[in-house]
Amino acid sequence: MMIIMRTSATKAEVEHVIARVKSFELDAHLSDGAERTVIGVVGDGRPVDKNLFIRLPGVDNILPISKPYKLASREFYPQDSLVPIGDHLVGNGSRIIIGGPCAVESREQLLESAKAVKDAGAHALRGGAFKPRTSPYSFQGLGEEGLKLLAEARELTGLPIVTEIISPELVPLVAEYADVLQIGARNMQNYSLLKAAGLSKRTVLLKRGMSATINDFLMAAEYILSKGNQNVILCERGIRTFETATRNTTDINAIPVLKLLTHLPIMLDPSHSTGDWRLVSALARSGIAAGADGLVIEVHPDPANALSDGAQSLKPKRFAELVNQANAIADVLKAANISSTPVQ
Ligand code: PEP
Ligand code: MN
């Protein structure tokens, strides 16, 4: 980073800043311009917090040179990371589709969903056993019983399973059953949960918080990476805007923006981003066209009687159509040799 001193900064203030830089075992490179002094902070590559210097006397401004999310950044790791979900690898334009109900409700409901997801040609089964609901009066999930049903569905279909973790203490239990640990929008900045997921060996599907900027999102991913777990998949699931016609607003921009900023795979969840089953396929197609490495789609055999997110859940037949459409778009991109990462 560059520390820009005020035009009025005294020599003593400059020296004080340099001493503070050195106290963190960083090097300070002084550039004494005609008007201003600029101090370049050079370290061993670890990110430096600008707040350590911003209030020092004589400091005008601080310009970061590299991104605050080092491990997640493309600067640090230029190739696309390939992250496993069962035997599949997500990243670099893979088109991996995760389908399944919002919540595991019963054996019949889950096994029927699992079979439909498998028959449609999707790659993994989702279903929440622990549900982070906005209302405490809404269905909270079946807990460990739900995890057992997910394991049974995997046994039956061979599909890897994706399920949500909502507290750090539950990570070891959920990791015993699941192939992928989902961290939901409401928990994107639950730092103890991010750290616990970072200590796990399981792939993590990290959803964007509904009010999170892309920088916040990547800093959350950085928490997981910094604890040693490299297998992180990002998932755009819509953000809150002034618009009320849909549950959230699908931030399609986020897909190519993230592709520029990070090597991590990025998926789109058009179920939560729209909140309306009639809109899900259109956004799924646009997500693939924009370069998403995959999709997360809610599927329910009987959406009218679903215990959560019925309004946005697809019936099996519609889901099979969506998978075909997503594949058709992916084939067009492939035939035209269009990369998932924007041209730079
Ligand atoms: C979910 O996947 O069912 C879910 C709760 O999603 P989000 O965290 O994106 O709201
Ligand atoms: Mn849901």
Side-chain angles (χ1 to χ4, degrees), residues 85 96-105 109-110 113 117 122 124-136 138-143 146-147 150 160-167 170 174 178-190 193-194 197 203-212 214 216-217 220-221 224 232-241 246-251 254-255 258 266-277 279-280 283-284 287 292 294-315 319:
I85 295 188
I96 297 294
I97 301 182
I98 303 171
C102 180
V104 180
E105 299 170 7
Q109 173 251 13
L110 185 68
S113 306
V117 166
L125 175 69
R126 61 151 287 147
F130 297 92
K131 293 301 300 174
R133 304 302 301 279
T134 299
S135 163
S138 301
F139 177 57
Q140 304 285 312
L142 297 180
L147 297 176
L150 285 163
I161 58 178
V162 181
T163 196
E164 186 158 354
I165 46 173
I166 56 172
S167 68
L170 282 172
V174 179
D179 299 274
V180 177
L181 308 176
Q182 175 176 321
I183 296 183
R186 289 159 191 79
N187 273 311
M188 191 207 79
Q189 286 179 316
N190 179 340
L193 185 62
L194 296 170
T203 292
V204 179
L205 178 72
L206 177 65
K207 300 186 93 177
R208 180 179 181 182
M210 52 194 92
S211 307
I214 285 177
D216 296 335
F217 193 14
I224 303 170
V232 178
I233 300 169
L234 304 172
C235 181
E236 166 61 44
R237 46 76 74 209
I239 51 173
R240 285 248 165 104
T241 67
T246 48
R247 182 178 181 185
N248 291 291
T249 295
T250 310
D251 183 8
I255 296 166
L258 284 164
I266 163 94
M267 296 183 104
L268 176 69
D269 171 349
S271 305
H272 291 87
S273 79
T274 60
D276 183 335
W277 69 270
L279 309 175
V280 171
L283 273 300
L295 300 167
V296 182
I297 309 288
E298 286 189 336
V299 184
H300 197 289
D302 180 14
N305 288 302
L307 296 181
S308 71
D309 287 351
Q312 65 197 34
S313 296
L314 296 185
K315 290 181 182 165
F319 177 64

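Sequence positions, counted from 1, serve as the residue numbers for this chain. Whatever order the structure lists them in is the order used to number ligands and atoms, beginning at 1.
- Put simply, the side chain of Glu105 gets close to the backbone of Leu307: a donor and an acceptor are under 3.5 Å apart.
- With Phe130 as the partner, the side-chain contact (heavy atoms from CB on, under 4.5 Å) test is satisfied by one option alone out of Val174, Thr163, Ile165: Val174.
- Using modelled atom types, one side-chain atom of Glu236 and one backbone atom of Gly238 make a donor-acceptor pair closer than 3.5 Å.
- When each of Met267, Gln182, Met188 is checked for a side-chain contact (heavy atoms from CB on, under 4.5 Å) with Lys207, only Gln182 meets the rule.
- Every atom of ligand 1 is numbered from 1 in the order shown, and the set under 4.0 Å from a heavy atom of Gly184 is 8 (O).
- Arg208 places no side-chain N or O within 3.5 Å of a backbone atom of Ala185 that could act as its donor or acceptor partner.
- Checked against a 3.5 angstrom limit, the closest N/O atoms of Glu298 and ligand 1 fall inside it.
- Listed by number with element, the atoms of ligand 1 under 4.0 angstrom from any heavy atom of Cys102 are 3 (O).
- Closest heavy-atom approach to atom 6 (O) of ligand 1 within the set Lys207, Met188, Glu164, Lys131: this belongs to Lys207.
- Within the set Arg237, Met210, Glu236, the minimum heavy-atom distance to atom 10 (O) of ligand 1 is found for Arg237.
- From the protein, the heavy atom lying nearest to atom 4 (C) of ligand 1 is His272 NE2, 3.4 Å.
- Expressed to the nearest 10°, the angle at the Mn ion (ligand 2) joining OD2 in Asp309 with OE2 in Glu298 is 120°.
- Each of the following atoms of ligand 1 lies closer than 4.0 Å to a heavy atom of Ala185: 7 (P), 8 (O), 9 (O).
- His272 and Asp309 are linked by a side-chain donor-acceptor pair at a separation below 3.5 angstrom, with hydrogens and angles left out of the test.
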